[in-house]
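Here the structure is laid out as structure tokens; the discussion comes afterwards.
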Amino acid sequence: MAIEIEVFADVACPFTHVGLRRFVERRAERGDPEPVHLRVRSWPLEVVNGQPLDPEFIAEEVDEIREQVADDLFTGFSQDAFPATSMPALALAALAYDLDVATGEAVSLELRDLLFEQGRDIADADVLAGVAARHGVAFDPADPPVDRVHADHAEGKERGVQGSPYFFTPAGAFFCPSLDISRDAQGHLRITADAAGFQQFVDSCFTGA
């Protein structure tokens, strides 16, 4: 029986991009006949924080992630193309899941790839329309159903989501399981790969342990 792993996250969160990519890589390595799918729910940080994400701050995080733990990712990221809002992209992903979990996952991953690997503005109407067309999702960029994003956020709060990304697996909940993130006394971002935490997370996803 196929398993779904729920994750509450913002499409513009670089830590989520790392976590989802590492999960997909591990899933491919396992080659299970019944793959574990990701159901990526909305955790809109601009709503959580009461203001849009700061492109300069995100660029700092991206630089530190690449330098410290993931030099294979964020190859085409552009601060200048960082979206003014993630709400329409999150709404598109929510609609994609109405088709099936595989389509929803594919759209969620493609949006992040466009932003972090290709340097595209995923708030741009033409970019969103292109993603929707490629996956057969009926979506109007001029009228995205942001109520779906707010509904996910409300549910996430009720379930105790602590940040982006926050995973719910058959054996427990995990906040950002692939990375250990902190700031030193001078305020510099310090990021290390959390191998033990990620393995525990993976075991929870694929074996329920």
Side-chain angles (χ1 to χ4, degrees), residues 1-21 23-24 27-28 34-53 55 58 76-77 81-161 163-169 173 176 205:
M1 180 179 177
I3 297 173
E4 292 183 14
I5 303 300
E6 280 187 291
V7 50
F8 285 77
D10 195 304
V11 70
C13 169
F15 303 115
T16 299
H17 182 54
V18 176
L20 298 186
R21 286 288 290 265
F23 173 89
V24 170
R27 181 177 63 187
E34 291 289 345
V36 177
H37 286 293
L38 294 165
R39 183 171 291 274
V40 188
R41 309 284 298 277
S42 299
W43 187 251
L45 291 174
E46 64 198 80
V47 175
V48 173
N49 299 331
Q51 60 185 3
L53 294 174
I58 296 297
F77 175 75
F82 193 78
T85 176
S86 63
M87 298 294 279
L90 290 169
L92 170 56
L95 285 179
Y97 277 105
D98 289 347
L99 297 178
D100 53 64
V101 67
T103 302
E105 179 186 299
V107 168
S108 295
L109 295 174
E110 181 176 345
L111 288 167
R112 289 169 171 85
D113 185 77
L114 287 167
L115 171 59
F116 291 118
E117 305 300 331
Q118 300 183 43
R120 305 290 300 279
D121 179 358
I122 58 170
D124 182 87
D126 290 338
V127 172
L128 292 172
V131 175
R134 283 191 290 277
H135 295 275
V137 182
F139 176 76
D140 181 1
D143 187 26
V146 296
D147 58 310
R148 299 284 296 271
V149 180
H150 288 292
D152 273 2
H153 176 233
E155 181 179 333
K157 289 197 296 183
E158 290 179 358
R159 294 172 64 180
V161 171
S164 175
Y166 198 86
F167 294 83
F168 289 95
T169 78
C176 201
C205 291

Would you say that D113 contacts R21 through its side chain, given a criterion of any heavy-atom pair below 4.5 Å between the two side chains?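 Heavy-atom side-chain distance check passes, below 4.5 Å.
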Apply the test side-chain contact (heavy atoms from CB on, under 4.5 Å) to residues L92 and V137: give CA-CA distance (whole Å), side-chain angles for both, the deciding distance (0.1 Å), then the verdict. CA-CA 8 Å; L92 170 56; V137 182; 3.9 Å; yes
So, does [X] use its side chain to make a donor-acceptor pair with the main chain of [Y] at under 3.5 Å?
X: S164; Y: D10; value: yes
X: R148; Y: A94; value: yes
X: E46; Y: T85; value: no
X: N49; Y: L45; value: yes
X: D140; Y: A142; value: yes

Measuring from [X]:[atom1] to [Y]:[atom2], what's the distance to the nearest 0.5 Å?
X: L90; Y: L111; atom1: CG; atom2: CG; result: 8.5 Å
X: L38; Y: R27; atom1: CG; atom2: CZ; result: 5.5 Å
X: L95; Y: T103; atom1: CG; atom2: OG1; result: 12.0 Å
X: L53; Y: I58; atom1: CG; atom2: CD1; result: 5.0 Å
X: L115; Y: I122; atom1: CG; atom2: CD1; result: 4.5 Å
X: R120; Y: F77; atom1: CZ; atom2: CZ; result: 14.5 Å

Shortest non-hydrogen contact between [X] and [Y], atoms and distance:
X: F139; Y: A132; answer: CB-CB, 3.8 Å
X: P44; Y: M87; answer: CB-SD, 3.7 Å
X: V149; Y: A91; answer: CG2-N, 3.6 Å
X: Y97; Y: G104; answer: CZ-C, 3.3 Å
X: V11; Y: R112; answer: CA-NH2, 3.3 Å
X: F8; Y: D152; answer: CE2-O, 3.3 Å

Let me know which of E6, R39, E4, R41 forms a side chain to side chain contact (heavy atoms under 4.5 Å, CB included) with F168.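 Of all the options given, the one that passes is E6.
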